Undergrad: 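Below are the structure tokens for one structure; questions will follow.
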Amino acid sequence: MDTAFPFGFPLPTAFYITTYVLTLAIHVVFMNYVLAGTGWLAIAYLRKSPRGPESSAGILKDWLPVMLSGAITAGVAPLLFLQILYKQEYYTANLLLFNRWMAILPVLIVGFYALYLLKSRWLAQQPYVVAIVIACIPWTAVAFTGYSWTENHLLSVRSPQFWGEFYATSSQVYYEPQLLPRLAMWAIGSVPTMVIFLAWQHWYRGTGRPRELALIAGAGLFLVGATAAWYYLVTDDATCLAFVSPLARPYFVLAILGVIVQALGWGWLYVSEQFSVRKLLVPTLGLALTLIGMTVCREAVRITTLGEDRFEKMYPTHAEAFGKGGFFVFLAFFVINAGLCSFVFWLVRHRSIPTQIEQNPPTPQEPTQRNQN
Ligand code: HEM
């Protein structure tokens, strides 16, 4: 693999792996919002921070149910391509983890309903400790799901001989040293992503303080660097070299550039103390670069771990699937579903903004920031 992603692959593989990376990046955006957002909400309840409609916790409470649906729905498209690209690997890991793996379904359902309970009037009549317990459930459910995906992924890239030995242990829990730092990178990396979207939501409502969000995003970016160092220390050299291999190098540079652009954007927001479209676009652009860059690097790490020979042996399966057609059907359903999802988001926005305006009507002397920009 001495050509940059995806140019060195045959057409069917290049097509599936590119579509996989792009759709996975969309999943990551939603997933990051719910992972960090549910954590933020749990902390807000524990600290008894303000949770009114203008506060960050209030916005999260309002939006998290639909964003969780978004994360789950957006996971389906990469799942389809994953099954074509790495069929044996993915299903073997699923079967080996068995009930442990399937547990993500009931767990996510519980987390989902807990988010709705947080919005209910019923909760306001309960002792505060009940609210705290319920506020911690969504994060636990979402974090457990993230942990399961990482565990499943790491097991899927092991050798068939390893799978045999793992099966013989009858264990349904898989652990290896890079699991925790990898998970930590996902968890902490979710914070700057979520904060950018939260900032856009504050801008839209004309609420929030850029300084607070800039500090949290900055801390998130710094800590991602620390977890990356941890990952580097516990991971073998071949895996680390995948990041700078010809396959991934341009994307690794892109990802780092994205982090720098995000940091500069947040610095600008921190000093200017006001949200505006121009200022918010800078960290958003940086985030897009980092997400695409890191998703490609993640794929380069997988191919390196599997080994080039093993990956190349999958090419005929990709070509066979490619020959079956169905692309336009996929595209049609993608467009229809994207339209339906956008409609659902529009409905949520439509219903959430008036609530805030009804409770805090802007006075003529106090135009919202959105109107100013
Ligand atoms: C909302 C809770 C979820 C969270 C927190 C979450 C988190 C994650 C994480 C952390 C990864 C990366 C694992 C790694 O590289 O170590 C991942 C990958 C992935 N997720 Fe999700 N996920 C969630 C729900 C879902 C659902 C419901 C689906 C499917 C419908 C899905 C589809 C995928 C796919 C296809 C991948 C790529 C797996 C691979 O390449 O091996 N996710 N998810």
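Computed from a prediction, not measured in an experiment: that's the story for all the values here. When a ligand or atom number is given, it counts from 1 through the structure's own listing order.
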Undergrad: Starting from atom 41 (O) of ligand 1, which protein heavy atom do you reach first, and at what distance in Å?
TA: His153 ND1, 2.9 Å
Undergrad: Can you tell me the protein heavy atom closest to atom 14 (C) of ligand 1 and the distance?
TA: Trp186 NE1, 3.2 Å
Undergrad: Distance under 4.0 Å to a non-hydrogen atom of Leu24: what atoms of ligand 1 satisfy this?
TA: 19 (C), 36 (C), 37 (C)
Undergrad: Do me a favour and list the nearest non-hydrogen protein atom to atom 20 (N) of ligand 1 with residue, atom name and distance?
TA: His27 NE2, 3.0 Å
Undergrad: Same cluster or not: Tyr315 versus Phe322, using hydrophobic residues (I, L, V, M, F, W, Y) connected whenever any side-chain heavy atoms lie under 4.5 Å apart?
TA: yes
Undergrad: With backbone taken as N, CA, C and O and side chain as the heavy atoms from C-beta onward, which portion of Asn152 lies under 4.0 Å from ligand 1: side chain, backbone, both, or neither?
TA: neither
Undergrad: With heavy-atom distances below 4.0 Å as the criterion, list the atoms of ligand 1 near Tyr20.
TA: 37 (C), 38 (C), 39 (C), 40 (O)
Undergrad: Take Phe243 and Tyr232 through the ring pair (Phe, Tyr, Trp, His ring centres under 6.0 Å) test and state the conclusion after the steps.
TA: CA-CA 11 Å; Phe243 286 89; Tyr232 175 77; 9.4 Å; no
Undergrad: Which of parallel (below 30°), tilted (30 to 60°) and perpendicular (above 60°) describes Trp63 and Phe345?
TA: parallel
Undergrad: Measure the acute angle between the ring planes of His350 and Trp346, then classify it against the limits of 30° and 60° as parallel, tilted or perpendicular.
TA: parallel
Undergrad: For Tyr116 and Phe112, take the angle between the two ring planes, folded into 0 to 90°, and tell me which bin it lands in: parallel under 30, tilted 30 to 60, perpendicular over 60.
TA: perpendicular
Undergrad: Can you tell which part of Phe112 has a heavy atom less than 4.0 Å from ligand 1: side chain, backbone, both or neither?
TA: neither
Undergrad: Considering only the protein, which heavy-atom contact is closest to atom 13 (C) of ligand 1, and what is its distance?
TA: Thr150 OG1, 3.6 Å
Undergrad: If you measure every N/O of Thr145 against every N/O of ligand 1, is any gap under 3.5 Å?
TA: no
Undergrad: With atom 30 (C) of ligand 1 as the reference point, say which of Val142, Ile72, Val28 has the nearest heavy atom.
TA: Ile72
Undergrad: What's the shortest heavy-atom distance between Ala4 and Pro250, and which atoms?
TA: CB-CG, 3.9 Å
Undergrad: Which heavy atom of the protein is the closest neighbour of atom 6 (C) of ligand 1, given with residue, atom name and distance?
TA: Met31 CG, 3.3 Å
Undergrad: For atom 16 (O) of ligand 1, what's the nearest protein heavy atom and its distance?
TA: Arg182 NE, 2.7 Å
Undergrad: For ligand 1, which atoms, with element, lie under 4.0 Å from some heavy atom of Val76?
TA: 30 (C)
Undergrad: If hydrophobic clusters are built by linking Ile, Leu, Val, Met, Phe, Trp and Tyr wherever their side-chain heavy atoms come under 4.5 Å apart, do Leu154 and Val28 end up in the same one?
TA: yes
Undergrad: May I ask you to identify the nearest protein heavy atom to atom 39 (C) of ligand 1, giving residue, atom name and distance to one decimal place in Å?
TA: Arg298 NH2, 3.1 Å
Undergrad: Quick one: are Leu64 and Trp40 in side-chain contact, heavy atoms under 4.5 Å?
TA: no
Undergrad: Taking a hydrophobic cluster as the set of Ile, Leu, Val, Met, Phe, Trp and Tyr residues connected by side-chain heavy atoms closer than 4.5 Å, whether directly or through intermediates, do Phe330 and Leu340 fall within one such cluster?
TA: no
Undergrad: Heavy-atom contacts with Leu68 under 4.0 Å: which atoms of ligand 1 show up? List them by number with element.
TA: 1 (C)
Undergrad: Decide, yes or no, whether a salt bridge links Arg310 with Glu89 under the criterion of side-chain N to carboxylate O below 4.0 Å.
TA: yes
Undergrad: Show the atoms of ligand 1 that are less than 4.0 angstrom away from any heavy atom in Pro78.
TA: 35 (C)
Undergrad: Tyr251 side chain to Thr295 main-chain N or O, any donor-acceptor pair under 3.5 Å?
TA: no
Undergrad: Give me the nearest non-hydrogen protein atom to atom 28 (C) of ligand 1 as residue plus atom name, then the distance to 0.1 Å.
TA: Trp149 CZ2, 3.5 Å
